[in-house]
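Here the structure comes first, spelled out in C-alpha cells, and everything after it is commentary.
What you see below is based on every heavy atom in this structure, not just the backbone, and it leaves out hydrogens, waters and symmetry mates.
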Protein chains: 2
Amino acid sequence: MPQSVPDRQEEAHRLVAAVAGRTTAMRVNVLAILLATPHPLSHLDVLAALGEGVDRVTVYRVLDWLTDAGLAHKLAGDDRVWRFAAAHSTPHHHAHFHCQHCGRFYCLDQISTELPVVLPSGFVAEQIEITIKGACADCRR
Amino acid sequence: MPQSVPDRQEEAHRLVAAVAGRTTAMRVNVLAILLATPHPLSHLDVLAALGEGVDRVTVYRVLDWLTDAGLAHKLAGDDRVWRFAAAHSTPHHHAHFHCQHCGRFYCLDQISTELPVVLPSGFVAEQIEITIKGACADCRR
DNA sequence: ATCAAGTCGCCACCCGATTGCAATAAGGGT
DNA sequence: ACCCTTATTGCAATCGGGTGGCGACTTGAT
C-alpha cells in the first residue's frame with residue numbers, strides 16, 4: 001500500500017524486529033513514514049501517508065506501541081493533537097518548534113533540553129519538554 | 001454561590017474592572033479561584049470550585065476571556081486538557097512542572113523561559129514553553 | 001429609567017481519541 | 001511445512017474536552 005514510502009522500509013523493519021513483540025507490516029510501514037519525515041506527524045498525517053483502507057484505531061495503537069517501544073516520541077501540541085516523531089538518530093532530548101500560523105511542528109535538534117534545573121525540594125524531574133512557538137520560515141514570506 | 005472562595009474576591013473584582021469589557025460576577029468569581037490557587041487549574045477544576053449550577057460553556061468562555069485580557073495563562077498538558085493560572089504576580093514567562101503520578105501542575109516561578117535560543121534562519125520565536133515532568137513532593141512519599 | 005450591546009445558559013454538535021470484541025495474522029513448537 | 005496459541009487488526013460504538021448557535025438575561029452608558 002505505501003508506495004509513497006520507498007526507502008526507510010528496511011531500516012524500519014530492522015528497528016521493529018529488534019524490539020520484543022511482533023513484527024507486523026503496519027508497524028514497519030508507520031515507522032518508515034516517521035523515519036522519512038523530518039518533523040513530527042499527527043495521527044491524521046500518518047493515516048494520510050498510509051493511503052486508503054487503513055483503520056484509524058490501528059494507527060493509534062501502532063503509534064502507541066512504537067512510543068512504548070522507544071522507537072517514537074509522542075508530543076502534545078496546543079491543538080490537543082498528538083504528534084509523533086521517529087526516535088532514531090535524534091537525541092532523545094531536544095526542543096520542538098510549533099508554528100502558530102500553519103500549525104506545523106519541527107524538531108530543533110540543536111537545542112538540548114538537558115538543563116540544570118533547580119526544583120523545589122522533594123520534586124524529581126524525569127523529562128523536560130521545551131516548545132518554542134512562533135512563525136516558521138515558510139509562513140514568514 | 002462560591003462561599004468556598006472568600007478572599008481574592010475584591011482583588012479579582014479590581015483586576016477585572018481594570019480591563020476593557022464588562023465586569024460580571026462570573027469573571028470575578030473565576031479569577032478569584034485562579035488567584036487563590038497556587039497551581040494551574042483545569043476547566044473541570046474551576047467548574048468544581050464554582051459549585052453546582054454553573055454552565056460548562058460559560059466557564060470555557062470566561063477562561064478564554066481572562067486569557068485574552070491577559071489576566072490568566074493558558075497552558076496545554078499531555079492529557080490534552082487546558083490549564084489556567086492567574087497571571088497576577090507571576091512573571092509572564094516561567095516553566096511548569098507536571099507530576100506524572102497525580103497529574104497536578106505547578107508553576108515554577110524560579111525557572112525563566114527567557115532562553116537565548118538559536119533558531120534556524122527565517123524562524124521567529126514568540127513564546128517559549130517549558131514543561132518539566134516527573135514526580136512531585138507529595139507523590140514521592 | 002431606558003435600551004443597545006455584551007454575556008449567560010442551554011441545546012446540540014464536532015472531532016480526536018479510546019474501549020470492546022470478533023476476525024485475522026505472527027511466529028514458536030512440533 | 002503445519003498447527004495452535006496469542007498478539008494484532010478492523011469495525012462499531014462510545015467517551016470527553018471543547019465549540020457554535022441562539023434566545024434570555026445583565027451590564028453600564030445615555
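- Between R27(B) atom CZ and dT27(D) atom C1' there is a gap of 10 Å when expressed in whole angstrom units.
- Separating the CH2 atom of W65(B) from the C1' atom of dT27(D) is a distance of 13 Å, rounded to the nearest angstrom.
- An OP1 or OP2 oxygen of dG27(C) is reached within less than 4.0 angstrom by a side-chain nitrogen or oxygen of T23(A).
- Using a 4.5 Å cut-off on side-chain heavy atoms (C-beta onward), Q110(A) and P120(B) make contact.
- In this structure, NZ on K74(B) lies 8.0 Å from CG on D68(B), to the nearest 0.5 angstrom.
- No hydrogens or angles were tested; on distance alone, a donor-acceptor pair under 3.5 Å links the side chain of R22(B) to the base of dT26(D).
- The distance from atom CG of L66(B) to atom C1' of dT7(C) is 13 Å, rounded to the nearest whole Å.
- Between the side chain of R83(A) and the base of dG16(C), no donor-acceptor pair of N or O atoms lies under 3.5 Å.
- Residue-to-nucleotide contacts include no donor-acceptor pair under 3.5 Å from the side chain of R56(B) to the base of dG9(C).
- When each of R61(B) and D79(B) is assigned the nucleotide of DNA chain D bearing its nearest heavy atom, the one mapping closer to the 5' terminus is D79(B).
- The six-membered or imidazole ring of H73(A) lies away from that of H96(A), with a centre-to-centre distance of 6.0 Å or more.
- Comparing G53(B) and A20(B) along DNA chain C, the residue whose closest nucleotide (by nearest heavy atom) sits nearer the 5' end is A20(B).
- A straight line from CG of N29(A) to P of dT8(D) spans 16 Å, rounded to a whole angstrom.
- When rounded to the nearest whole Å, the span between CG of D78(B) and P of dG16(C) equals 19 Å.
- Straight-line distance from the CZ atom of F84(A) to the P atom of dG16(C): 14 Å, rounded to whole Å.
- Distance, H43(A) NE2 to dC15(C) C1': 12 Å, rounded to whole Å.
- Taking side-chain N and O atoms only, W82(B) has a distance below 4.0 Å to OP1 or OP2 of dG18(D).
- Nucleotides of DNA chain D nearest to R80(B) and T24(B) differ in position, and the one nearer the 5' end is that of R80(B).
- Here V81(B) lies in heavy-atom contact (under 4.0 Å) with sugar-phosphate atoms only.
- Residues S42(A) and D45(A) bring a donor and an acceptor atom of their side chains to less than 3.5 Å of each other.
- The separation between D64(A) atom CG and dG16(C) atom P is 16 Å, rounded to whole Å.
- For dT18(C), the OP1/OP2 oxygens have no side-chain nitrogen or oxygen of Y60(A) closer than 4.0 Å.
- Residues V54(B) and M26(B) are in side-chain contact: their nearest non-hydrogen atoms beyond the backbone lie under 4.5 Å apart.
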